[in-house]
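Below is one structure, written out as structure tokens; comments come after it.
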Amino acid sequence: MARKSDLLPGTLDMLILKTLQRAPLHGYGIALQIKRLSDDVLTVEEGSLYPALQRLLLQGWVKAEWKMTETNRRARFYTLTAAGRKQLGVELTQFEQVIAAIGRVLSDVQDA
Amino acid sequence: MNSIRRFFNKLGFLFRRNRFTAELDEEMTFHRQQAEREFVADGMTPEAARYAAMRQFGNAAQLRDRSHSVVGFKLETVVQDLRFALRQLHRSPGFAATAIVILALGIGASVAIFAFVDAALIKPLPYPQPNRLIEVTENSAQFERNPLSYPDYLDWKRMNSVFSSVDVFANTGYALKTAGGTESVPGERVSAGFFSTLGVRPALGRDFRAGEDVVGAAHVALLS
């Protein structure tokens, strides 16, 4: 069963890193935050979120820690590492370049 | 640099696989329960909320597999390949037998050659101080190892100032009379100090005594 992704390919890692820049969050919190900040436009599926978090852990861009939530439940909180912060910068730059390039192509079509 | 770290992180996950699975399960359960609470807060009945959360979450086993495939070494595919190979071999037994025989012979030959090289060249001699044992021979233009005459041996022994001791041996054979007839047995003629020069003692009985190797003395033998 193919799930429709609401995200542009390759942007999930960047969104997760960006979300963690403010404060450490658990997986559910990350999904919620992305959904809220995007006014429900972007939904992160659990099926993509957890593999993505494992990928980020492997790269050493985030680190995970079991902590208690405010409702006193055990949850794994992810924290951005220094390497992750650097990676976020790289990905943001790349993303902006791509968006700018797309914008130039689209505006050219409009002018014609 | 990155790929090295990834490799070691993966290796770490491999050794903590059970813990990894348990943590992932706990994490995903937490996620599902949080979603459930939110649905309840939105006015759903607990029952409906639970199903909605499960529906939203999807197949937990499949999700776990996807996370595993991120951190894993794809061991499962190796097993699959092995199974496939075995099936293929089973399908053509003649080919399989040929391949196995050739491999067996090849491996056997390599092991035999290595065993020989190991014993002859790599392993030290089985004596207490093998690095102090030296074999000295005479040589001539015709023979690389000229047989040494007994008087020459006596001279060498008398004039020796280099070695702790000098002893001789010569390969030979004897006829042994047994109840079943006469048998040929391999033997070695040695001078009296031969075993003490090698640094070994007989397991039973006594070593040769000095003077037992002179002409006219009683014949003595040591069985090995």
Side-chain angles (χ1 to χ4, degrees), chain A residues 1-6 12-13 16 19 24-36 40 42-79 81-84 86-87 90-91, chain B residues 1-42 49-76:
Chain A
M1 186 182 70
R3 282 163 174 259
K4 208 184 107 221
S5 174
D6 295 325
L12 178 58
D13 288 6
I16 294 174
T19 311
L25 279 173
H26 45 69
Y28 182 74
I30 294 169
L32 211 60
Q33 186 85 325
I34 291 176
K35 201 172 154 202
R36 279 188 190 149
D40 288 2
L42 302 176
T43 55
V44 181
E45 281 162 0
E46 295 78 357
S48 324
L49 175 65
Y50 288 98
L53 284 171
Q54 297 308 327
R55 206 159 50 230
L56 297 178
L57 273 176
L58 268 186
Q59 298 281 11
W61 293 336
V62 300
K63 55 180 201 265
E65 231 180 332
W66 286 97
K67 279 196 271 189
M68 288 300 177
T69 66
E70 35 318 357
T71 52
N72 220 18
R73 298 230 9 218
R74 227 167 83 88
R76 184 142 67 162
F77 281 79
Y78 294 87
T79 313
T81 62
K86 217 159 89 185
Q87 178 63 18
V90 171
E91 293 202 11
Chain B
M1 197 49 214
N2 246 348
S3 57
I4 295 173
R5 186 168 57 204
R6 276 177 68 101
F7 176 78
F8 280 109
N9 280 343
K10 278 194 176 193
L11 215 59
F13 278 114
L14 195 65
F15 289 116
R16 295 182 285 124
R17 199 180 172 88
N18 286 338
R19 203 180 123 201
F20 171 76
T21 307
E23 289 193 330
L24 194 65
D25 277 348
E26 185 175 348
E27 192 172 28
M28 299 209 292
T29 307
F30 172 79
H31 191 122
R32 202 158 42 226
Q33 287 168 349
Q34 289 298 112
E36 208 176 305
R37 281 176 174 210
E38 204 183 332
F39 286 133
V40 172
D42 284 351
R50 198 152 61 88
Y51 284 119
M54 275 162 72
R55 235 186 348 266
Q56 191 197 333
F57 207 80
N59 183 340
Q62 194 191 342
L63 295 184
R64 199 187 310 138
D65 280 354
R66 282 176 65 178
S67 284
H68 272 194
S69 70
V70 172
V71 299
F73 274 107
K74 310 239 189 304
L75 201 69
E76 286 78 7

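In what follows, chains carry the letters A, B, and so on, assigned in the order in which the sequence lines appear, proteins first and then strands, with residues in each chain numbered from 1. Since the model is a prediction, treat every value here as computed from it, not as a measurement.
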**Prompt:** Quick one: of B:E38, B:Q34, B:M28, B:E27, who has the most non-hydrogen atom pairs under 4.5 Å with chain A?
**Reply:** B:E27

**Taking every non-hydrogen atom, the tightest pair across B:L24 and A:R76** = N-NH2, 4.1 Å

**Fill in**
With sequence neighbours left out, the residues meeting ring pair (Phe, Tyr, Trp, His ring centres under 6.0 Å) with B:F39 are none

**Request:** With sequence neighbours left out, write down each residue that passes side-chain contact (heavy atoms from CB on, under 4.5 Å) with B:T29, or none if nothing qualifies.
**Result:** B:R32, B:Q33

**Which portion of A:A64 sits near chain B, non-hydrogen atoms under 4.5 angstrom** = neither

**Asked** For the atom pair CZ (B:F30) and NE2 (A:H26), what is the distance rounded to the nearest 0.5 Å?
**Response** 4.0 Å

**Request:** Could you check B:E23 against A:W66 for side-chain contact (heavy atoms from CB on, under 4.5 Å), going step by step and ending with a plain yes or no?
**Result:** CA-CA 9 Å; B:E23 289 193 330; A:W66 286 97; 2.7 Å; yes

